[in-house]
Amino acid sequence: MSASAVQPEPVLKVEGVSKRFGGVQAVSEVCFSFGAGQICGLIGPNGAGKTTLFNLVSGVYVPDAGVIRILGARTDGVPAHRIARLGVARTFQNPQLFDALTVRENVMVGLAQAAPPTLASSLLAFSRRRRREEEDRVAADRHLARVGLTTASDRMAKDLSFGEQRLLEVARALATRPRLLLLDEPASGLSQGEVAQLVALLRDLRADNLSIFLIEHDVSTVMNVADHVVVLNYGRKIAEGAPQGVRNDPAVIEAYLGSAGGAAPRVSTERAPTGRQMLSAEKLVSFRGELQVLREVSFDVIEGEVAGIVGPNGAGKSTLLGTVAGLYPLQAGHVRLGDKSTEGQPAERVVQLGISLVPERRGIFTGLSVRENLALGAYARYRGSQRQQIDADIENVFALFPRLRELASARAGSLSGGEQQMLAIGRGLMARPRLLMLDEPSLGIAPRLVAEIFRVLNTLKEGGTSILIVEQNARSVFEIANRVSVLVRGRIVMTGTPAELADDARVVEAYLGGRRPSSGSGMQAPPMPIEPAAPPSVQ
Amino acid sequence: MRPSTASRELLILVPVALALAALGVLGNTYMISMLVIAGIHVIVTAGLTLLLGFAGQISLAQAAFYALGAYGSMIGTVHLGLNPWLALVLTALGSGIVAYAIGVPTLRLHGHYLALATLGFGIIVNIVLVQETNITGGPTGAVGIPRLTLGVELTSDRQYFALVWFVTLALLLVCRVLVTGSSYGRVLRALQASEVATESIGIDVARYKVQVFVLCAVLASLGGSLYAHYLTVISPSEFGFDVSMEFLVMAVIGGLGSVWGALAGVLAVTAFLEILRTVAPMIAPNIPTSEYEVVAFGGLLVLTLLFFPDGFMGRWRRFAGALRLGAMGR
Amino acid sequence: MKKRKIVGCARMLLALGLMLVAGPAPVNAQAKEYRIGAVMELSGPFSSWGAPMRDAIQLAVDNINAAGGIKGVPLKLVVYDGRSKGTEAVLLAKRLVTQDKVVAIIGPGTSPTTMPVIPYVTEAGVPTLSMGSSDRIIEPANERRWLFRPPYGSRHNVEKLIEHFKATGIKKVGFLSVNNAYGDTGREEFEKAARPAGIEVVAWEKFGGTDNDVKPQLTKLRALAPQAIIVWSIPPAASIVQKNRAELAIDIPMYHDNGASLTPQFIELAAGAAEGAYGVVIKVDVLDELPANDPQKATLLKFRQQFESRFGMDVGGLYGEAYDCVLLIAKGLESAGDNKEKLRDAIERVKGFVGMAGIYTMSPTEHNGLSARDLVIGRVKNGKWTIVK
Amino acid sequence: MSEVVQFLLSGIAAGGIYALIAVGFVTVYNVLGIINFAQGEFAMFGALVAASLVARGVPLVAAIPLAIAVTAATGALTERAILRPAAGSSDVVRIIITIGVSIGLRGLALTVWSSKSYALPQFSGGEPVRILGAALALQNFWVLGVAAAIMIALYLLFERTYFGSALRACVMSPNASRLMGISPSVMSLFAYTMSAALGAMAGIVVTPISLATYDMGIMLGLKGFVAAVLGGLVSAPGAVVGGLLLGIIESFAAGFLSSGYRDAIAFALLLAVLGIRPTGLFARMAEQRRV
């Protein structure tokens, strides 16, 4: 943090805050604070606990331990609407607008905070009501002008573009005359131009001495706009300070791209892929809500290989796997497994065809035992009276993950994050898939366990299983993949062998930003080279 | 340009009022009374429309508040000798207070706790009506409730028709203006769109939900009072759990959120039963068809919800919206 | 958009309006038929009696028409389902009068659904024969000119029971009534009559019409050791009480009002447990035991034969009561034609008319017409009602 | 003394019936996430079908499974034809659709069976059991026995079978279970069909005691629902305990306070529970789905 002579009372002060969900410690003992008129950015890889921390600050969750002070008042355990009354306004990752209201009316609802209208006053006192309406209208237009939505004021909120909806949320938040603005992933889903507009707006607001706290996976935007950056990983704060320093912090780079000298084994060349196409995806297009996530993504997986797709958070990786697995509708494009088309099949059918997805955040059945979870993995191929076969397969999974054997009858919800991930992978294998797809297996898991998991993946690969792995943790993928593609903003921007990509500066750039023409002078630090991979630690 | 809220509503109101006036002049006693009852049902259903539409909550006690209105007016006029209008207002206030007492603890919780609480409340009210014979007249009911007066005693169906529909349309208009043309209504519509965002603005969502529930109960109570003074005889079986269900059905069939939906729902159900009664004997003159009414009613409800999950008004809004977009060349 | 909404609303209203104005096929006032309307509880909580009543009046109308109608003019019956609701009953009464142009209305079938109808039929001047059990329907007589209540009511039952108790020396009873208008009416009447007759009621208990276990109430009553337990309800509840009595092996005699015996369901549903039950019954239930000189015997034998051949089931008192409503109207029509005022007067003048339920003698102050004399105390033996001498 | 014993016995007997209905509510709620207001109507339907079959000379042992099968098929048809097409609608709309189903089934029953009452013979003949002057008909033991048997069967199904664990998985995480090849649509069909069958069993087993009418489902459904809520709405054992508790409290309150207010007691209890512990008396918070 830049040294300043007078340090006023911090706008937001988080002291030793922890939050646990079941067996997973989402946030642990986080402390940070920042002062008035600053923009504070909270970043961290997927699963680091950003959203949980944000929800703790905004009053959605109550912390298990620790104290949160906003503008000097203690707010942990205070309902969201009371926190808002303290002068805190927020936006949402998926804009939560009042669809049936016009743009101006959306802002006018925000104005209502000062004196929430009562039933009696609305039914009576017509003239006063009308006068206040007029005042509110003028005030709303002022806020709309500020975010540049003046011309849209009479349109319905639901007819706005995604970017405009974001701006409208900011305008609505401003209408409550906040002293602290909380922004939940403000840049997600925006085009480059829209992001630039947003950054300009945030700077403009800061100039008015408004404090802003934002979480964002688009690190380059945060680096660009924030005065103060807090970095989380595994629910803990790993770095804090000015963007410049944080950006060059090896711990941060490692958090994002993975450990370079980790225990993960090198690519084994003993068994080459056969060359036959296992999975081919052509020009996949998919939407989540109104937002286009996949923009004609094409890739393939060769039988027996590990294919990796890496990219920053929000690039569309999970949507890509979910679309292939049949969880999300495919708007356009073709998917084939071997010679069979799987497009348009529901998920429960796709798994029968031989594609098994280990979903993001694991999706284990928390109320069932570990053994029951594993057994259900074979549901797609279960044809009665095959219990013994299933039990044999469970034994195989236990052989891969000995830890699970000890936990066989434990409730899955009581497992730690890493153990749950092992369980999820084991469960995925139980389907005896022709293609195993893994969505961020390293998410929120301690490095030791990540290494363990990647060791198992390597074993599987040597056993001939085709694997498609999607990761934010690029370096760990480089360790085991035959080929890696980089997905950015719904497009595959490059594909190559790990060796090719490891030296490509564009990969780091895709994650942490860098030479962006619009960036300020301080933002042009040279891209961080990826350290050469350590020699393999063969089992 | 958007015309002012009130004048937009008048564009609906005037033709409805004219059509009703025409029916009021042309119709026979039966049609007039049927429409009087329908008018009262519109008031009661409108409350549910608001509650379901804006607070996203179900009340299974609408008939109980309807009963509170009717019995309150009965007790006020018959036992206490109050002026009927005074009794009506006091009863509505009382019903509002009862609703407040139910709403505060249940609406602070997330989930459909109001539905559970009102289920219990609705049935208990009905049992009390049956049991407390000295006050309520017991299961046979209470008689001798005076007619309302407006200078003169309103004795004819036609007079009552005019009164009820005047009150109904006035209440609908007030609700409509409240919802579409006031800062209060804006908050309600915000609540309907996103509870979490409304809360994030610093608005106490539970408070508004409670208020909508109170409004819903007050409307039911007003309907009940009008009912009691119209029939002059009331008994508990008019206010049972099944009646609460029927109000709910009419609200959902009509479409939620807009009180005009209540009008559409009540008229649709009334018209449907009437058509059934008229047409069924023509098709099968020798078969006693009356039992089929219940089947048909259930069928109508299920089919309506399958094909128009947003109710008739919702369907209409979407249709009209599509036309509007078409006209704009989009 | 708004305009279209308006058009939609207007169209909906127009459709409703057209339908209302058009109404049913226009009634030709000169048509050679007398229309009789009926509002019956065919669905809803009171529905267990609606369908039997409808069947009986339909049988009566068909029989009269088969015999050539009223002086050659056939009867036409219009039946509506009052859905056990007073509101619906009022609306349907209005529909019957204004659209179906009926000369008289039979029903509604219960007291709570009849009460709301009273102001309208009085104002419109339509003879109305309610089947409710409460005398509030026909009292005070000067305000109820247009209402008749032909079936036996609580009053007759109480009279008959007390007469029987006096004769058999029963002075201490327990009273168990169903928790609705029917049970309450009986309880009121019994309360009025018991004290003057020197009968002590040890406890007034209630049970729900849909309860399936009355044993707690029966246990309580048994503990108070009355000489008899009076049960005021209708089947299926009456049958359940009887079954519970058997389970508890209570040996205190149990008396039912005539609601129990009105349909054969009572004995059938109790499946043996009704054996030994006492009840106030209508003569049709003990027809075979009636002396040959009983004034009703001949008509009843014919009625029973007609009923059983048409519906293939045993007859019950309720059918007789409903049947009588049509006969009373028919009798009035014979002398009055379709003038409602004259029809009312004619029904009020009926004297010594032998119906299925009893012998009717109406007067301006007596709009029921029956007397407890025509009731019988019966007892179930071998699955049939028999006369208690 | 005999009164108190009788209150207890009658309470347990009634509670067994409520428990049977409550279990059906819980099953549908867990899998479909809605309150199935047609639950009582399935009981009615099963009872009337069984009574009709017996009246036509079908032996009881054959009539009962047949009636359960007919009701289950009706439930399956309802799920496929009515609830599945509305799967995308809001909870409120789907709940109201079940109200429509209940009205429709009731109307159908009224048309087919009229408003008459129907009886079934007791499953086993014999004298009622008499304890200290109180009595309990043998059929009540059948009710309790069936309730217990269903509880055990459900426990075994859910906790001890492969399919049961798939059903539970589907409740916990529909999306993840799809990835296992478990079809939420099939599970929903199964759950609804099963709850219809459970309803039918409840209706049939109580008919020798309570008799069957077309509208018996209303009160049965409501009381069963209250029992389910008392038990937390997500737990079958909770539902059974809730049912028994409701039956006993009702019986004692009716006996000592006022028999006229008997039905009010269940609902007063519901209000009290909502005031004190909205998640039900026996629900584990962790298992709570949306209410």
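This one's a predicted model, so the numbers in the text were calculated from it and none came from an experiment. The chains referred to below are lettered A, B, ... by the order of the sequence lines, with proteins before strands, and numbering in each begins at 1.
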If we only count heavy atoms from C-beta on, is the [X] to [Y] side-chain gap below 4.5 Å?
X	Y	answer
B:V233	C:I118	no
C:E123	B:T29	no
B:M34	C:R95	no

At what distance, to the nearest 0.5 angstrom, does [atom1] of [X] lie from [atom2] of [Y]?
X	Y	atom1	atom2	result
B:E246	C:R83	CD	CZ	4.5 Å
C:I137	B:T140	CD1	OG1	8.5 Å
B:I37	C:L91	CD1	CG	5.5 Å

Worksheet entry | Intermediate values then yes/no, side chain to side chain contact (heavy atoms under 4.5 Å, CB included), C:N179 and B:Q131 | CA-CA 8 Å; C:N179 193 9; B:Q131 291 306 312; 2.8 Å; yes

[X] portion near chain C, given a 4.5 angstrom heavy-atom threshold:
X	value
B:V243	side chain
B:T232	side chain
B:L273	side chain

Discussion item. Looking only at the side chains, is there a donor atom on one of C:Y120 and B:S33 sitting less than 3.5 Å from an acceptor on the other?
Written reply: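 No, because no side-chain N or O of C:Y120 sits under 3.5 Å from a partner of the opposite role on B:S33.
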
Worksheet item: Given the options C:P112, C:S47, C:S111, which has more heavy-atom pairs under 4.5 Å with chain B than any of the others?
Response: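 Option with the greatest count: C:P112.
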
Worksheet item: Highest number of heavy-atom pairs under 4.5 Å with chain B: which of C:D184, C:T87, C:N180?
Response: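 Option with the top pair count is C:T87.
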
[X] portion near chain B, given a 4.5 angstrom heavy-atom threshold:
X	result
C:Y182	neither
C:T98	both
C:T114	neither
C:P116	both

Discussion item. Looking at every heavy atom in both B:P139 and C:A181, which two are closest together, and how far apart are they?
Written reply: CB-N, 3.2 Å

